2 protein chains.
Amino acid sequence: MVYRSTERVRARLDASRRRIVAAALEVMAEHGYAGCTVAAVANRAALATGTVYRHFPTKADLFAEVFRTASQREVDAVTRAAALETTVADRVTAVVETFCGRALQSPRLAYALLAEPVDPAVDAERLVFRRAYARVLAGHVAEGIARGELPPQDPELAATALVGALAEAMVGPLSAGVAGPGTVPGLTTFLHRALGVAP
Amino acid sequence: MVYRSTERVRARLDASRRRIVAAALEVMAEHGYAGCTVAAVANRAALATGTVYRHFPTKADLFAEVFRTASQREVDAVTRAAALETTVADRVTAVVETFCGRALQSPRLAYALLAEPVDPAVDAERLVFRRAYARVLAGHVAEGIARGELPPQDPELAATALVGALAEAMVGPLSAGVAGPGTVPGLTTFLHRALGVAP
DNA sequence: GCAAGGAGTGAACGGTGCTTCAATCCTTGG
DNA sequence: CCAAGGATTGAAGCACCGTTCACTCCTTGC
């Protein structure tokens with residue numbers, strides 16, 4: 001046994017793996033999930049098709065990771081934006097603005113993450129994504145109730161409904177053109193009222 | 001030219017076509033869109049695979065019609081339920097209860113119509129479906145504003161957000177088990193507040 | 001430099017399921 | 001009953017892609 005994987009090789013492997021995920025994300029942001037053949041991803045990563053399979057057992061596994069990565073980034077952005085505010089009202093505003101702003105910035109990616117038809121195994125990851133958003137929001141809602149800024153209510157349910165409303169309001173604009181200028185403020189008001197933020 | 005299609009034949013053709021759509025709907029309600037191969041649908045309709053293609057140019061066309069039919073039925077049910085009520089609050093309650101009740105009654109079908117990964121061409125039909133719901137709701141919202149039962153707001157946007165909240169709140173329960181008992185009333189309250197129904 | 005064995009390659013494979021088509025059956029009007 | 005022509009059949013065709021694998025290249029430690 002003369003060959004044993006060394007640090008340098010492991011670093012290169014790691015880099016390849018990351019490059020594959022990044023490439024997949026790029027292809028998805030450009031052509032949607034529909035354009036994401038394994039060959040296209042490999043090509044973008046400057047690797048052979050077969051090499052992808054040295055890092056991921058199946059295409060679904062690769063894209064599960066892609067979705068997980070991209071989703072985490074989105075959730076983080078929203079979490080960070082909310083953390084800068086103090087009242088629940090301001091936090092919800094921050095969430096809506098961040099979510100919509102980012103979605104409209106890269107519409108193709110947002111559509112893929114939110115609504116595009118994908119492999120069922122990848123679709124499962126989407127549910128996790130949405131639940132992650134809901135969890136963040138549920139935390140703020142619960143705290144709002146505790147502080148007396150919001151009336152008593154089921155934070156989980158409220159958060160889920162918020163996420164649904166947000167996503168739905170974005171899907172239309174994403175698939176066809178751009179959102180009207182009133183969309184984001186209108187949505188903010190709507191969601192504030194839904195939660196029972198005192199006017 | 002001795003043969004010319006007669007009334008009887010045209011009736012039989014029509015019946016076949018309808019039987020194909022009905023069969024597709026049945027298969028979808030049982031096994032989801034994933035289980036809907038053309039062969040399975042034809043089999044259920046007691047026809048040969050090839051016959052399907054004498055009625056629909058492609059599978060996507062067939063399922064576009066299936067979605068259209070099923071969606072119309074759902075929208076009609078909701079419309080009818082709302083029409084029995086007078087105040088906006090009661091109408092929204094009726095919509096939520098009807099929507100959720102029907103969805104939970106045939107969860108596999110509801111999941112297919114709302115969220116299951118489908119062919120992109122069929123997915124387009126889904127957007128129409130959701131917009132149809134939104135249109136119904138937007139009408140009620142607009143009337144509510146006119147009557148002074150609701151504060152001024154963009155009825156389209158509000159309706160879209162309502163539909164999103166409803167759909168999202170149902171997807172969880174549909175994919176895994178049943179809805180908790182508090183879901184429907186909780187959702188109703190949430191949506192009333194969102195619209196600004198006077199408490 | 002060399003043997004051992006992992007990493008990388010990409011053309012070929014294979015499964016799935018939509019779609020077609022030549023053969024057959026059925027309907028119609030004479 | 002017959003000829004014309006549409007309707008039906010279902011097995012074969014076909015395309016598309018994910019996946020594999022025999023081969024080559026590279027890295028390692030002696």
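In what follows, chains are A, B, ... by sequence order, proteins preceding strands, each numbered from 1. Since the structure is predicted, the reported quantities are computational estimates derived from the model, not experimental observations. Below, all heavy atoms of this structure are taken into account, side chains as well, without hydrogens, waters or symmetry copies.
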Contact list please: residues 31-39 of chain B against DNA chain C, heavy atoms, distance less than 4.0 Å, in numerical order.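 Nucleic-acid contacts, sorted: B/Thr37, B/Val38.
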
Listed in order of residue number, which residues of residues 56-66 of chain B have a non-hydrogen atom at under 4.0 Å from DNA chain C? B/Thr58, B/Lys59

Criterion side chain to side chain contact (heavy atoms under 4.5 Å, CB included) against A/Val66, the qualifying member of A/Val27, A/Val21, A/Asp61: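 Exactly one option meets the side chain to side chain contact (heavy atoms under 4.5 Å, CB included) with A/Val66, and it is A/Val21.
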
So which protein N/O to nucleotides 12-15 of chain D N/O distances come out below 3.5 Å?
none

Can you tell me the distance, in whole Å, between the [atom1] atom of [X] and the [atom2] atom of [N]?
X: B/Asp119; N: C/dG17; atom1: CG; atom2: P; result: 14 Å
X: B/Arg17; N: D/dA7; atom1: CZ; atom2: C1'; result: 16 Å
X: A/Tyr53; N: D/dT20; atom1: OH; atom2: P; result: 8 Å

Test side-chain contact (heavy atoms from CB on, under 4.5 Å) applied to A/Arg54 - qualifying residues, sequence neighbours left out: none

Mind checking side-chain contact (heavy atoms from CB on, under 4.5 Å) for A/Val136 and listing every partner two or more places apart, or none if nothing turns up? A/Val75, A/Thr79, A/His140

Using a strict threshold of under 4.0 Å (side-chain N to carboxylate O), is an ion pair present between [Y] and [X]?
X: A/Glu65; Y: A/Arg17; result: yes
X: A/Arg73; Y: A/Asp76; result: no
X: A/Glu26; Y: A/Arg44; result: yes

Check whether any side-chain N or O of B/Gln153 sits under 3.5 Å from a backbone N or O of B/Pro151 as a donor-acceptor pair, and report yes or no.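 Side chain of B/Gln153 to backbone of B/Pro151: a pair is present.
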
Where the side chain of A/Glu116 meets the backbone of A/Tyr111, is there a donor-acceptor pair that is under 3.5 Å apart? no

So, for A/Asp119 and A/Ala60, which heavy atoms are closest and what is the spacing to 0.1 Å? OD1-CB, 4.2 Å

So A/Met170 and A/Leu104, do their side chains get closer than 4.5 Å, heavy atoms only?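 They are in contact (side-chain heavy atoms under 4.5 Å apart), so the answer is yes.
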
Pairing donors with acceptors under 3.5 angstrom, does anything connect the side chains of A/Asp90 and A/Thr93?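 No.
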
Counting the benzene-type ring for Trp, do A/Phe63 and A/Phe67 have ring centres under 6.0 Å apart?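 Not close enough - the centres of the two rings lie 6.0 Å or further apart.
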
For nucleotides 8-14 of chain C, just jot down a letter per nucleotide in 5' to 3' order: B, S or -, based on protein non-hydrogen atoms under 4.0 Å. BBB----

Could you tell me the separation between the CG atom of A/Leu137 and the CD atom of A/Glu156, rounded to the nearest 0.5 Å? 10.5 Å

